[in-house]
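Presented below is the structure to which this report refers.
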Amino acid sequence: MTNEEVDEIILLLHREHGYDFSNYSPASFKRRVLRVIALNRIANFYDLKFALVNDKKFAGHFVQEITVNVTEMFRDPQFFSALSSRVLPTLASYPSIKIWHAGCSTGEEVYSLAILLHEAGLLKRSRIYATDINTAALEKAKKGIIDVRLVKEYTQSYIKTGGKNDFSSYYTARYDNAIIKKELRESVVFSQHNLVVDGAFNEFQLICCRNVLIYFNRVLQNRVLNLFYNSLAPLGFMGLGIKEAILFADIKNKFDAVDNTVKIFRRKD
Amino acid sequence: MIETKKIVAIGGSAGSLPVVLQILQTISPNFIIPIVIVLHRLKNTPSELDKIVSITRSDLKLKEPDDKEPVYPGYIYIAPANYHLLVEADKCFSLDYSEPVQYSRPSIDVTFESMAAVYGADLSAILLSGANNDGMEGITRVIEKGGKAIVQSPVTSEYPVMPAAAIRKNPAAFVCTPVEIIGYLEQLNPF
């Protein structure tokens, strides 16, 4: 598939379905398109275009598949332990804590964060707003169901973050699934939000958006970082993926680095 | 700043670290062509970079790239653990946390393919020892785009499966010993 054909798909998705992928990182976006073509056994570019125009259900499916929904609990334990030691003590001084988890996918990192808040005694006065563009992922996230085969790995990551309890106290195992405990699930509000077009909807003391900006080009990264800045309370915190930088954004000087190795920043004023 | 259009990509899996270290220990301090290294490694372990830095020379500019960081001459980049590493048409790195490819993330195929698309004939891709099939498709893309494809000879590889698979699929690839690979890199540098 040529780059021009990818551009045509982007144009078509915008025109027919209102999703604008024009500022996604081209190399990874193209990989996503090729992946969906292979998974759905689409013979060629024209068949893809035809299906995207004429088959509404397929187009919806295509958009869900094109966004990356790979996630895990306590990914990068050093990020979560830095959050515990350097951010949560400050959040504890607020009577009520509002957190935005942007690009939450199927919710694994949201529940990881909820566990940290619980262990810091902050969960009861915290409200986590978790958003994603992908409604199918959000539906899954709401249910709080994780594959029981992944529990062992998540337990190890949890221990590496310095977790205080037995990880099994946070879920109920049932057949092939582990279901996140109700008190954790109830602390989260899931809703759809598209970082490409949607604006600020509240003011937060902490925004987490990890491994989402990597799929955007610098133009869109800049827009989203401005949105986060405007959605943060003064001196609010922002946690990104450990390989994501704010260096290329026009507002980089409005943030202080709290921990530059795990990419935790703080709004200056 | 000194300009170079060329770039080198190195992919390795099991048994490749000694060869990578050998390359890094012998490379000229004036080697201006950027090198992008993709090594398979365990996930959620701290950076392999620290280990490589501690056992190689202090005059090398080694770096794990951040997302959207430009590719600079004179630098040696190591793909960060648990991400695919791509290069965009504007010659900036792009990271990708999508599904592992051939059970690998970073995947050598992904990096080789994306660099082949951007650099074409200016790319030299080197595939080292390993025990799976990663890199095989990537080498094909490199050749298709006119780049130079080099595969470590299976007899010199601690784990020959990966290079042997790549050679079988890509008869046009050059088969080299580690010493020949180092010699090739030396003559590639304009200084």
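Labels below follow one simple rule: chain letters A, B, ... track the order of the sequence lines, proteins then strands, and each chain is numbered from 1.
Considering only heavy-atom pairs separated by less than 4.5 Å from chain B, the leading option among A/Q156, A/K243, A/E244 is A/K243.
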Using the rule given for salt bridge (charged side-chain N to carboxylate O under 4.0 Å, His left out), can you reason through B/E69 versus B/K63, listing the C-alpha separation, both sets of side-chain angles and the distance that settles it, and then say yes or no? CA-CA 11 Å; B/E69 184 173 323; B/K63 197 172 189 320; 3.1 Å; yes
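With a 4.5 Å cut-off on non-hydrogen atoms, B/V110 touches chain A through its side chain but not through its backbone. Using a 4.5 Å cut-off between heavy atoms, B/S98 touches chain A through backbone and side chain atoms alike. Proximity to chain B (any heavy atom under 4.5 Å) is shown, for A/V70, by both the backbone and the side chain. With a threshold of 4.5 angstrom between heavy atoms, A/Q221 approaches chain B through side-chain atoms but not through N, CA, C or O. Contact of B/L86 with chain A is made through the side chain alone, with heavy-atom distances under 4.5 Å.
Seen from the ring of A/F255, A/R266 does not count as a face-on cation partner, given the 6.0 Å and 45° thresholds. For the pair A/R223 and A/F228, the cation-pi test (distance below 6.0 Å, angle within 45°) is failed. Note that B/K61 lies in the cation-pi zone of B/Y75, set by a 6.0 Å cut-off to the ring centre and a 45° limit from the axis. Both the sub-6.0 Å distance and the 45° axial angle are not jointly satisfied by B/R105 relative to the ring of B/Y83. Stacking of B/K148 on the aromatic ring of B/F174 is recorded, both the 6.0 Å distance cut-off and the 45° axial limit being met.
Ring geometry for A/Y170 against A/Y158 counts as perpendicular: the plane angle is over 60°, on a 0 to 90° scale with 30° as the lower cut. Relative orientation of the A/Y19 and A/F21 rings is parallel, given thresholds of 30° and 60° on the angle between their planes.
The pair A/R210-A/E109 meets the salt-bridge criterion, since a charged nitrogen lies less than 4.0 angstrom from a carboxylate oxygen. The existence of a salt bridge linking B/R141 and B/D109 is excluded, since no basic side-chain nitrogen approaches an acidic carboxylate oxygen closer than 4.0 Å.
Annotation: residues 26-39 of chain A contacts chain B through A/P26, A/A27, A/S28, A/R31, A/R32, A/R35 [non-hydrogen atoms, separation under 4.5 Å]. Contacts between residues 211-218 of chain A and chain B, defined by a heavy-atom separation under 4.5 Å, are made by A/N211, A/L213, A/I214, A/Y215, A/F216, A/N217, A/R218.
Between A/F237 and A/F265, the distance from one ring center to the other does not fall under 6.0 angstrom.
Side-chain N or O atoms of A/D147 include one that pairs as donor or acceptor with a backbone N or O of A/R149 at under 3.5 Å.
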